[in-house]
Amino acid sequence: MAASTLLSAWGPLRPGVPGLCRCRQPRGLWANAWRLPEPAGSGRSVAAVSGPGTSGTDRYCLELLRKRDYEGYLCSLLLPAESRSSACALRAFNVELAQVKDSVSEKTIGLMRMQFWKKTVDDIYCDSPPHQPVAIELWKAVKRHNLTKRWLMKIIDEREKNLDDKAYRNIQELENYAENTQSVLLYLTLEILGIKDLHADHAASHIGKAQGIVTCLRATPYHGSRRRVFLPMDICMLHGVSQEDFLRKSQDKNVRDVVYDMASQAHLHLKHARSFHKSVPVKAFPAFLQTVALEDYLKKIQQVDFDVFHPSLQQKNTLLPLSLYIQSWRKSY
C-alpha cells in the first residue's frame with residue numbers, strides 16, 4: 001500500500017505539521033492521579049490494587065501483567081470492579097501465549113507449550129483446570145462470564161502458527177494475525193463486560209488490527225537485535241527495501257516510507273473504529289482504552305519522521321496512567 005494512497009486518510013504527517021489534535025485536559029484531574037497504579041518497577045502497585053481479599057493466583061496474574069504487558073495492566077485496572085479480575089486473567093493468558101515464541105529455542109518445544117494450553121482450555125471447560133495460576137484465574141473468568149471457548153482456542157491456534165520466524169507476506173496477513181489474537185482478545189473482554197453488540201464487535205476488530213500493526217512496529221528494534229525482521233514483505237518490496245536495511249537500522253527515506261505506510265494503516269483502523277462511536281454502547285468503552293497507547297505511539301513516530309529506531313520510541317510514557325484515566329473519565333475511545 002503506497003504512502004500516497006493513505007495520505008488522505010491521515011493527512012500530512014511530517015514534523016511541524018499538526019496531525020490529530022490533542023484535547024485540553026479537564027481541570028482537577030491531576031488531583032486524582034494518586035489513585036492510579038504506580039509505574040512498573042514499583043513493588044507496591046499490585047499489592048495496593050489487589051488488597052487483602054485477593055487470592056494468590058489473582059495477584060500472580062496482576063504481577064505478570066505489570067511486568068510483561070504494562071499497558072494492558074493499566075487498562076484492566078480501569079475496568080468496572082466486577083470485571084477486573086476476569087480481564088486480568090484473560091490478558092495474563094494472552095501474555096503466557098505471546099512469550100512462548102521468544103522463550104523457546106526450538107519450535108518443537110513451543111508446540112508442546114501450545115498443546116499444554118489447548119489441553120488447559122479443554123480442562124477449564126470440564127471444570128478441572130490444572131494447578132497453574134493463570135489457568136485457575138481463567139477458569140474463574142469462564143465460569144463467571146460464560147466465555148466463548150472457540151475464541152480462546154483461536155488465540156492459541158494463531159499464536160501456534162506464528163511460531164515460525166517468517167516475515168508477513170503482506171499487510172493483510174499481519175492484519176489477519178492481529179484479528180485472530182488482539183481483536184479476539186477484545187471480543188472476549190466485551191463478553192466479560194456483558195456486551196453483545198455488532199457495532200462494538202466492528203470497533204473491536206479495527207482496534208485489534210491497529211494494535212497488531214503498532215506492536216509489529218514497536219517490536220522492530222528488538223527483533224532486529226536478534227537478526228529478525230517481520231515487517232510485511234509487500235510493503236518493503238513496494239519501496240525497494242530489504243530486510244538487511246532494517247537490520248542495519250538504515251535511515252533512508254525508503255525505510256521510513258515503509259514505516260509510514262504501516263503507521264498510516266494503523267491510524268486508518270483507529271479512524272474506522274471511532275466511526276462506530278455513536279453506535280457502540282457506552283458500557284463497551286472501557287474495553288477500548290488501549291487506543292490511548294496506540295495513538296500515543298503513532299503521534300510519537302510521526303514526530304520523529306517515522307524513524308522506527310529512534311530512542312524516544314523506546315521510552316515509557318510516564319503520563320500514560322493519567323491519559324488513560326482521563327479517557328475513562330470522558331467515556332470515549
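Only heavy atoms go into these numbers, but all of them, side chains included; no hydrogens, no water, no symmetry mates.
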Short side-chain to backbone donor-acceptor contact, [X] and [Y], under 3.5 Å:
| X | Y | result |
| --- | --- | --- |
| His145 | Leu147 | no |
| Arg256 | Asp305 | yes |
| Ser183 | Ser205 | yes |
| Asp197 | His199 | yes |
| Asp261 | Val258 | no |
| Asn254 | His239 | yes |
| Tyr125 | Lys149 | yes |

Separation of Leu289 CG from Ser76 OG (nearest 0.5 Å): 9.5 Å
Can you tell me how far the CH2 atom of Trp117 sits from the CD1 atom of Ile155, to the nearest 0.5 Å? 12.0 Å
Using distance alone, with no hydrogens and no angle criterion, decide if [X] and [Y] have a side-chain donor and acceptor under 3.5 Å apart.
| X | Y | answer |
| --- | --- | --- |
| Gln265 | Glu175 | yes |
| Asp123 | Thr120 | no |
| Thr57 | Glu137 | yes |

With the side chain counted from C-beta on, respond yes when Leu185 and Gln182 share a heavy-atom pair under 4.5 Å apart, and no when they do not. yes
Within a strict 4.5 Å, meaning less than it, do heavy atoms of the Cys88 and Leu65 side chains meet? yes
Can you confirm whether more than 12 heavy atoms, excluding those of Asn146, are under 6.0 Å from its CG atom? no
Crowding at CZ, Arg169 (>12 non-hydrogen neighbours, <6.0 Å): no
Only pairs under 3.5 Å count here: list side-chain donor-acceptor contacts from residues 95-103, not counting sequence neighbours, and write none if there are none.
unit_1	atom_1	unit_2	atom_2	d
Glu96	OE2	Gln132	NE2	3.3
Lys101	NZ	Asn162	O	2.9
Lys101	NZ	Asn162	OD1	3.3
Asp102	OD1	Arg226	NH1	3.3
Ser103	OG	Gln99	O	2.8
Ser103	OG	Val100	O	3.2
Ser103	OG	Arg113	NH1	3.0

Closest heavy-atom pair and its distance - Ala263, Leu217: N-CD1, 4.0 Å
Evaluate salt bridge (charged side-chain N to carboxylate O under 4.0 Å, His left out) for Glu173 paired with Lys166, printing each intermediate quantity in order. CA-CA 11 Å; Glu173 192 172 89; Lys166 295 180 181 178; over 6 Å; no
Answer yes or no: is there an ion pair linking Asp257 with Lys253, defined by an N-O contact shorter than 4.0 Å? yes
Run the salt-bridge test on Lys300 and Asp296 with the 4.0 Å N-O cut-off and return the result as yes or no. yes
For residues 273-294, which residue pairs qualify under ring-ring contact (aromatic ring centres under 6.0 Å, His included), counting only residues two or more places apart or in two chains? His202-Phe276, His277-Phe285, His277-Tyr333, Phe285-Tyr333, Phe288-Tyr333
Hphob cluster co-occupancy, Leu190 + Leu198, side-chain heavy atoms under 4.5 angstrom: no
With Glu71, which of Arg66, Arg91, Arg218 fulfils salt bridge (Lys or Arg N to Asp or Glu O under 4.0 Å)? Arg218
